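The block underneath contains the structure these notes are about, expressed in structure tokens.
This structure is a prediction, so every number in the text was calculated from the model and none was measured.
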Amino acid sequence: MSLVGAAFLVTLFANMVSWSFGINSVACKAAEEGNMPRSFALRSRTNSMPNGSALMTGIVASLVLLLQVPLGEDSEVFWIFFSINVVFLLLSYLPMFPAFARLRATDSRERVFCAPFKGRLLAVMLALPVAEIVLAAVATTVPLNGTPDELAKLPLLAGVLILLAAGEVQRLLSRKRQLACRTAPPAGPTGSAPDDSDSGPMVLSQ
């Protein structure tokens with residue numbers, strides 16, 4: 001059993017590393033496009049790994065764990081943040097379905113596999129998982145009655161709403177910056193185009 005347990009722990013560690021690399025790469029690309037703070041765009045000089053995203057993730061995770069210390073061992077703060085993570089993991093799948101519908105309407109390239117639905121039937125098949133995800137998120141976060149078990153969801157609901165609002169503020173600010181960059185007049189006395197050297201990925205030496 002010890003050998004099986006060790007192999008299981010190795011698979012868990014490998015899963016965590018691969019998922020972290022994928023998520024950090026997405027956050028780094030979003031930061032490079034101006035949709036997240038520039039600190040997430042730091043990359044290693046040697047292998048271009050998203051070190052900035054990994055560093056910010058580690059800082060946030062450490063702060064969440066440190067919250068447990070002053071609140072005591074009986075605090076549910078860790079599990080609240082864990083549940084918030086699960087809710088946002090569910091919500092992250094929502095844009096996939098309208099994106100699929102958009103690609104089906106605009107991309108006519110031949111593919112090896114194609115979903116066998118078209119027209120209104122395709123819309124129904126895409127709406128079903130969206131409705132399931134929304135209902136699952138609501139059932140997870142919203143108290144459905146006045147029982148103590150349901151009212152215990154209130155901190156989770158508050159955390160989800162706060163983070164959704166923070167994400168929306170970040171989205172609006174990044175859109176404002178992007179619009180400002182597009183409408184900015186050419187820089188320099190000769191009327192040349194502005195220098196885009198600062199728009200690329202930030203490199204972190206290693």
Side-chain angles (χ1 to χ4, degrees), residues 3 5-70 77-100 102-103 107 109 111 133 159-160 162-184 186-188 192-206:
L3 180 61
F8 180 70
L9 289 177
V10 170
T11 60
L12 289 180
F13 180 78
N15 242 334
M16 290 168 53
V17 171
S18 60
W19 270 93
S20 297
F21 283 156
I23 294 172
N24 291 338
S25 297
V26 172
C28 183
K29 182 62 177 177
E32 292 172 358
E33 297 292 333
N35 295 319
M36 290 188 71
R38 290 287 289 170
S39 56
F40 286 85
L42 292 172
R43 287 185 180 271
S44 170
R45 190 181 298 275
T46 56
N47 51 25
S48 296
M49 292 301 294
N51 289 348
S53 298
L55 182 62
M56 296 302 296
T57 300
I59 291 174
V60 172
S62 299
L63 291 176
V64 170
L65 292 176
L66 288 175
L67 283 176
Q68 192 83 21
V69 176
V77 63
F78 174 81
W79 295 111
I80 290 174
F81 278 97
F82 185 84
S83 301
I84 291 174
N85 173 68
V86 172
V87 172
F88 278 98
L89 181 63
L90 285 174
L91 296 180
S92 65
Y93 286 96
L94 289 178
M96 295 175 56
F97 302 100
F100 177 85
R102 175 66 176 172
L103 288 174
D107 190 348
R109 289 178 295 176
R111 302 185 183 277
I133 292 174
V160 170
I162 291 172
L163 292 177
L164 280 176
E168 187 65 15
V169 169
Q170 172 62 30
R171 185 188 70 82
L172 293 175
L173 291 176
S174 64
R175 179 174 177 81
K176 185 177 179 180
R177 287 195 300 266
Q178 290 174 355
L179 291 176
C181 291
R182 292 174 185 174
T183 58
S192 58
D195 185 11
D196 291 336
S197 60
D198 292 336
S199 61
M202 301 173 65
V203 179
L204 180 65
S205 60
Q206 193 179 53

Item to check | Atom of Ala31, atom of Pro37 and distance for their closest heavy-atom approach | outcome: CB-O, 3.4 Å
Checklist outcome for this item: Across all chains, not counting sequence neighbours, the side chain to side chain donor-acceptor pair (under 3.5 Å) partners of Arg109 are Asp107
Item to check | Result of checking Leu67, Val60, Ile59 against Leu63 for side-chain contact (heavy atoms from CB on, under 4.5 Å) | outcome: Ile59
Tell me which donor-acceptor pairs under 3.5 Å the side chains of residues 83-91 have, and how far apart each pair is, sequence neighbours excluded?
from: Ser83; atom 1: OG; to: Trp79; atom 2: O; distance (Å): 2.8

Item to check | From Glu33 atom CD to Cys28 atom SG, the distance as rounded to the nearest 0.5 Å | outcome: 10.5 Å
Item to check | Option from Val10, Thr11, Val17, Leu9 for which side-chain contact (heavy atoms from CB on, under 4.5 Å) with Phe13 holds | outcome: Val17
Next on the checklist: Can you tell whether the side chains of Glu32 and Arg38 come within less than 4.0 Å, N to carboxylate O?
Outcome noted: no
Checklist entry - Can you name the closest pair of heavy atoms from Phe40 and Ser53 and give their distance? => result O-OG, 3.0 Å
Item to check | Nearest-0.5 Å distance that lies between atom CE in Met96 and atom CD1 in Ile133 | outcome: 8.5 Å
Listed pairs under 3.5 Å, donor-acceptor, residues 163-171 side chains, sequence neighbours left out:
from: Glu168; atom 1: OE1; to: Arg171; atom 2: NE; distance (Å): 3.3
from: Glu168; atom 1: OE2; to: Arg171; atom 2: NE; distance (Å): 3.2
from: Glu168; atom 1: OE2; to: Arg171; atom 2: NH2; distance (Å): 2.5
from: Gln170; atom 1: NE2; to: Asn35; atom 2: O; distance (Å): 3.4

Checklist outcome for this item: Between Asn51 and Ser44 the two heavy atoms that sit nearest each other are ND2-CB, 3.3 Å
Item to check | Full working for side-chain contact (heavy atoms from CB on, under 4.5 Å) between Ser18 and Asn15 | outcome: CA-CA 5 Å; Ser18 60; Asn15 242 334; 4.1 Å; yes
Checklist entry - Has Phe100 got more than 12 heavy atoms of other residues, nucleotides or ligands less than 6.0 Å from its CZ? => result yes
